[in-house]
Amino acid sequence: MKTVPLGDVPLDKFFSEYWQKKPLLVRNALPDIKPPIAADELAGLACEEAVESRLVIQDAESDRWDLTHGPFTDETFRALPDKYWTLLVQAVDHWVPEAAEFLTPFHFIPSWRIDDLMISYSVDGGGVGPHYDNYDVFLVQACGRRQWEVGGTFDSNSPRRSDTPVMILSDWKPEQRWILEPGDLLYVPPRVGHSGIAVGDDCMTCSVGFRAPSHSEILRGFADYIGDTLNDEVRYEDSDLVALKNPGSLTPESLGKVHHIVKQYLEDKDLLAEWFGRFITAPKYPEEASEPEAYRLDDLRAHIANGGMLKRNEGTRMVFQERDRVRWLFVDGRRYECPADQKALVQALCTDLTINPGQYQQTEEHLQLLLDLLNRGSLYFPAE
Ligand code: SIN
Ligand code: CO
């Protein structure tokens, strides 16, 4: 296992005592940290249509909080005050290869649980106020200093300020407080209250955010998936119907049949496994899907003759499942059935951002898989 950014906290201890339980501060978790993006490039990303971004500006005197969503313009940034603002850009890992690299030390958590790298940039006093998130987060100080306070657990019933679109808990008392320096990391579990305030200018915080599908998403997603696979002619049947004393009633027998229909799909673990693999790898921004390529095997062979390195598309999601004699590889919502001799390749695809020729064989089957991934934009040829 590669080194994990938890300082001297053993992995077992992290999972048993902290993960989804309580906050953990790790000093110097990433000693050689370099901001994965420069501040002006982050601002540039926030000016792009496809990128999700927010600006939170606080008026410290009146305690008024303003929220605006991107895309922004150069003028937005020129007009900002000297203090009390934060720019937040979502999913920077999808757009910037260095930001995708930044996530690799966090793959000690199952990679399908990782959602994205959000990056915030603040001037002195900037922050988003006391709030909670519904997901786990590793807050990593990339440059500058930020004071973090944590405390209490909250939910959608917790009182929050009604005079601002920024989610600010109104009854919040911090229990712990630290000032994070570059390379320090703070883990915050879901629903734990937290607030970060920049101490001085040029404060960049990287938030490694996780995803945990809601029960509602799981149930709706699975039900829709089953529904789409079924023919309309598969219907409720009651060839065992008998004469009823009261045909106006909905009988336990009829309800039992409906229950049986629902249960038969819910108990199909293969169906569930297939749906979940597709669901969890579905692209975060489907509208950004690239146009299909038309590479042929000869193009791939020529590339191999030149070194054969392949890069994983930063927006691509991959996960594999061990099945009976094969592996199911899920890529951007698609499923590939991969035979035993593709074990190392499948594992590499699901963990590494760069695939080197030592990780695949030059057999027809290996190359066809890579070719399909290239043509669908899940892999790309790196620039020379
Ligand atoms: C921030 O980076 O300022 C906000 C991150 C968070 O609280 O989740
Ligand atoms: Co937060």
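One-based numbering, in listed order, for ligands and for the atoms of each.
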Query raised in the report: Will you find, in the side chains of T281 and D332, an N or O donor that is under 3.5 Å from an N or O acceptor?
Result: no

Report task. Can you sort out which atoms of ligand 1 are near M118, meaning under 4.0 Å from one of its heavy atoms? Result -> 5 (C)

Requested in this report: Return yes or no for this condition: an N or O of T205 is under 3.5 Å from an N or O of ligand 1.
Outcome: no

Query raised in the report: Using heavy atoms and a threshold below 4.0 Å, how should the contact between V188 and ligand 1 be classified: side chain, backbone, both, or neither?
Result: neither

Query raised in the report: Less than 3.5 Å between some nitrogen or oxygen of H194 and one of ligand 1, yes or no?
Result: yes

Requested in this report: Return the minimal non-hydrogen interatomic distance between P5 and F108, and the atom names on each side.
Outcome: CD-CE2, 3.7 Å

Query - T86 (side chain) donor-acceptor with V128 (main chain) under 3.5 angstrom - result: no

Query raised in the report: Hey, are R220 and D224 close enough for a salt bridge, meaning a charged N less than 4.0 Å from a carboxylate O?
Result: no

Report task. Specify the protein heavy atom at minimum distance from atom 8 (O) of ligand 1: its residue, its atom name, and the distance to 0.1 Å. Result -> D133 OD2, 3.4 Å

Requested in this report: Answer yes when K34 and D32 have at least one side-chain N-carboxylate O distance shorter than 4.0 Å, and no when they do not.
Outcome: no

Query - Under-4.0 Å salt bridge between D136 and R191 - result: no

Query raised in the report: Less than 4.0 Å between a side-chain N and a carboxylate O, is that true for D171 and R161?
Result: no

Query raised in the report: What is the nearest protein non-hydrogen atom to atom 6 (C) of ligand 1, stated with its residue, atom name and distance?
Result: H131 NE2, 3.7 Å

**Report entry** R146 neighbourhood, listing ligand 1 atoms whose heavy-atom distance to it stays under 4.0 Å
**Finding:** 3 (O)

Query - Any Y121 heavy atom less than 4.0 Å to ligand 1 - result: no

Query raised in the report: Do T164 and L67 have side chains that get closer than 4.5 Å, going by heavy atoms?
Result: no

Query raised in the report: Are S207 and ligand 1 in contact, using a heavy-atom cut-off of under 4.0 Å?
Result: yes

Query raised in the report: Hey, what's the angle at the Co ion (ligand 2) spanning NE2 (H131) and OD2 (D133), nearest 10 degrees?
Result: 110°

Query raised in the report: Between the candidates C206, S120, S122, which shows the shortest non-hydrogen contact distance to atom 1 (C) of ligand 1?
Result: S120

